[in-house]
Amino acid sequence: MKLVLVGFGNLGRGLARTLILKRRTLRSSYGINPRVVAAVDEYGAAVDERGLDLRKLLQVAEKKGSAADYPRKGKKGRSAADVIENVEADVVFELTPTNIRTGEPGLTHLQKAMRAGRHVITSNKGPLVVAFPELDRLARRSGVEFRYSASVGGAVPVIGLARKLLAGNEVRAVRGVLNGTTNYILSRMSKEGTPFDVVLREAQEMGIAEKDPTLDIEGIDAACKITILANALLDRNAKLKDVDVTGISRIKPEVTRLAQETGNAVKLIGVAERDILEVAPKLVPIGHPLAVGGTLNAITLETDLAREISITGFGAGPWETSSALVGDLIDIHRTLGA
Ligand SMILES: NC(=O)c1ccc[n+]([C@@H]2O[C@H](COP(=O)([O-])OP(=O)(O)OC[C@H]3O[C@@H](n4cnc5c(N)ncnc54)[C@H](OP(=O)(O)O)[C@@H]3O)[C@@H](O)[C@H]2O)c1
């Protein structure tokens, strides 16, 4: 399978490393021979229709900062749009930064890839919260597969769980701890009674929280994910603006301590039901599947037949998220062969 990687940052590089690590397994267990024919970042692209040497590509990107520095086949200034439209490929991975207002540049990349007949895999929440129904329709009209498991929950395979393993069930509600940064902050506030600002600063120093943590602590990142899950699993037609959002920045240590004393934990919970779309701090009984600690994510699906099913795991990180990206690649391969 010929692959194009659009975005060669944390996840693009993590995926390249995973493809090296899993080369043999992909071939022997799944019959997939992945060939990365292009990698694109903001500065330019490396393109080789016979397949780039991934070790060399990683070395160059680490040392010089861009895939465009790849010897002989790298070109500064070559855009993702140009590569998507003109380099023959089976699958385009869209792994550029999330923009929740316009969805760009990811939205245009996805649209161009679908119109060019490429199957698409993305981790980018931006296009999904701005234009999910439109993208879903475009994928169907273009006859291409569209996968986005990595956009929610990192390694936690909630979309595959609902669609594949719980096939035949109606998903009636989704509830989840969908943001590792806020969960880490709330867990430490509960355990130590430390104020929000202090834990946030330490989380930033440890690289768990961003320098600008607004999207996480105000609940926007979790709201993006609950929007995606509502569309994907509850067949809703939701946009980010439809979610009622309350973040965690006003939670005092007294609240987390009192919760603890009464056998509860304060968790930032995303909820999607037929008539509800919200993200807000809630009390969860200690021992409940959603009362996970640290940076973990946890999601409960409420279904008609299986009743409640919960799943827990790591919500971010290049290896963890590449589990979802590679899983989507294998899933597309299976679907096409079916
Ligand atoms: N990191 C995670 O654990 C994780 C987990 C789940 C989902 N996600 C989502 O996955 C996406 C990628 O995450 P990341 O951590 O890999 O981000 P990242 O490290 O910032 O990498 C983004 C990459 O996209 C490139 N890029 C930016 N604008 C571009 C454009 N117009 N055309 C082509 N390439 C462009 C950047 O190029 P330059 O470096 O040249 O600027 C960089 O290579 C984001 O949407 C993120 O929210 C991340």
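All values derive from a computational prediction rather than experimental measurement. Position 1 is the first residue of the sequence; numbering continues from there.
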[X] [atom1] to [Y] [atom2] distance, which is reported to the nearest 0.5 Å:
X: Ile121; Y: Ile332; atom1: CD1; atom2: CD1; value: 4.0 Å
X: Ile185; Y: Arg201; atom1: CD1; atom2: CZ; value: 12.0 Å
X: Asp221; Y: Thr214; atom1: CG; atom2: OG1; value: 12.0 Å
X: Glu85; Y: His109; atom1: CD; atom2: NE2; value: 10.0 Å

Considering only heavy atoms from C-beta outward, does the side chain of [X] approach that of [Y] to under 4.5 Å?
X: Ser187; Y: Lys267; value: yes
X: Leu95; Y: Leu325; value: yes
X: Asp242; Y: Arg236; value: no

Throw together a table of side-chain donor-acceptor distances under 3.5 angstrom for residues 128-139, partners on residues two or more places apart or in other chains.
residue : atom : partner : partner atom : Å
Glu134  : OE2  : Lys239  : NZ           : 3.3
Asp136  : OD2  : Arg140  : NH2          : 3.0

Could you list the donor-acceptor pairs under 3.5 angstrom formed between side-chain atoms of residues 51-60 and any protein atom two or more places apart in sequence or on another chain?
residue : atom : partner : partner atom : Å
Asp53   : OD1  : Arg55   : N            : 3.1
Asp53   : OD1  : Lys56   : N            : 3.2

Next item on the list: Evaluate the criterion side chain to side chain donor-acceptor pair (under 3.5 Å) for residue pair Asn124 and Thr122; output intermediate values, then yes/no.
Entry: CA-CA 5 Å; Asn124 187 345; Thr122 189; 5.0 Å; no
Item checked: Residues which pass side chain to side chain donor-acceptor pair (under 3.5 Å) with Glu218, listed by chain and number, not counting sequence neighbours ->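 Testing Glu218 for side chain to side chain donor-acceptor pair (under 3.5 Å), a comparison that skips the adjacent residues, returns Ser249.
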Next item on the list: With sequence neighbours left out, write down each residue that passes side chain to side chain donor-acceptor pair (under 3.5 Å) with Tyr184, or none if nothing qualifies.
Entry: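 Per chain and number, Tyr184 pairs via side chain to side chain donor-acceptor pair (under 3.5 Å) with Arg188.
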Taking distance alone, no hydrogens or angles, what donor-acceptor pairs closer than 3.5 Å link side-chain atoms of residues 228-235 to residues at least two apart or in another chain?
residue : atom : partner : partner atom : Å
Asn231  : OD1  : Ala238  : N            : 2.6
Asn231  : ND2  : Thr227  : O            : 3.3
Asn231  : ND2  : Ala238  : O            : 2.9

Item checked: Cationic N near anionic O, under 4.0 Å, Arg17 to Glu62 ->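 So Arg17 pairs with Glu62 through a salt bridge.
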Item checked: Stepwise side-chain contact (heavy atoms from CB on, under 4.5 Å) check, Val266 with Asn264 -> CA-CA 7 Å; Val266 180; Asn264 292 291; over 6 Å; no
Check: If every non-hydrogen atom of Arg13 is compared with every non-hydrogen atom of Phe8, which pair is closest and at what distance?
Finding: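 Result for this residue pair: NE-O, 2.8 Å.
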Item checked: Which residues share a salt bridge (Lys or Arg N to Asp or Glu O under 4.0 Å) with Lys76, sequence neighbours left out ->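 With neighbours one apart ignored, the set is Asp69.
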Next item on the list: List, by chain and then residue number, the residues other than Val4 in its hydrophobic cluster (Ile/Leu/Val/Met/Phe/Trp/Tyr, side-chain heavy atoms under 4.5 Å); write none if there are no others.
Entry: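 When side chains under 4.5 Å apart are linked, the cluster holding Val4 also contains Val6, Val37, Val40, Val47, Val83, Ile84, Val87, Val92.
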Check: Looking just at side-chain N and O atoms, do Asp216 and Thr182 make a donor-acceptor pair shorter than 3.5 Å?
Finding: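 Thr182 and Asp216 do not have a side-chain donor-acceptor pair below 3.5 Å.
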Note to self: Would the distance check show the side chain of Arg172 and the main-chain N or O of Arg274 forming a donor-acceptor pair, the cut-off being under 3.5 Å?
What the structure shows: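 Not confirmed, Arg172 side chain does not pair with Arg274 backbone.
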Note to self: For the backbone of Gly117 and the side chain of Ser142, can you confirm whether one donor and one acceptor N or O come within less than 3.5 Å of each other?
What the structure shows: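 Checked: no pair found.
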Checklist line | Shared hydrophobic cluster, Ile226 / Leu215 (ILVMFWY, side-chain heavy atoms < 4.5 Å) | finding: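 Hydrophobic grouping puts Ile226 with Leu215.
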Name all pairs fulfilling the salt bridge (Lys or Arg N to Asp or Glu O under 4.0 Å) condition that reach into [range], sequence neighbours left out, sorted by first residue then second.
range: residues 250-266; answer: none
range: residues 144-158; answer: Glu145-Arg147, Arg147-Asp331
range: residues 299-320; answer: Arg175-Glu302
range: residues 86-106; answer: Lys2-Glu88

Sequence neighbours excluded and cut-off under 3.5 Å, please list the side-chain donor-acceptor pairs for residues 277-295, or say none.
residue : atom : partner : partner atom : Å
Glu278  : OE2  : Lys282  : NZ           : 2.6
His288  : ND1  : Leu290  : N            : 2.9

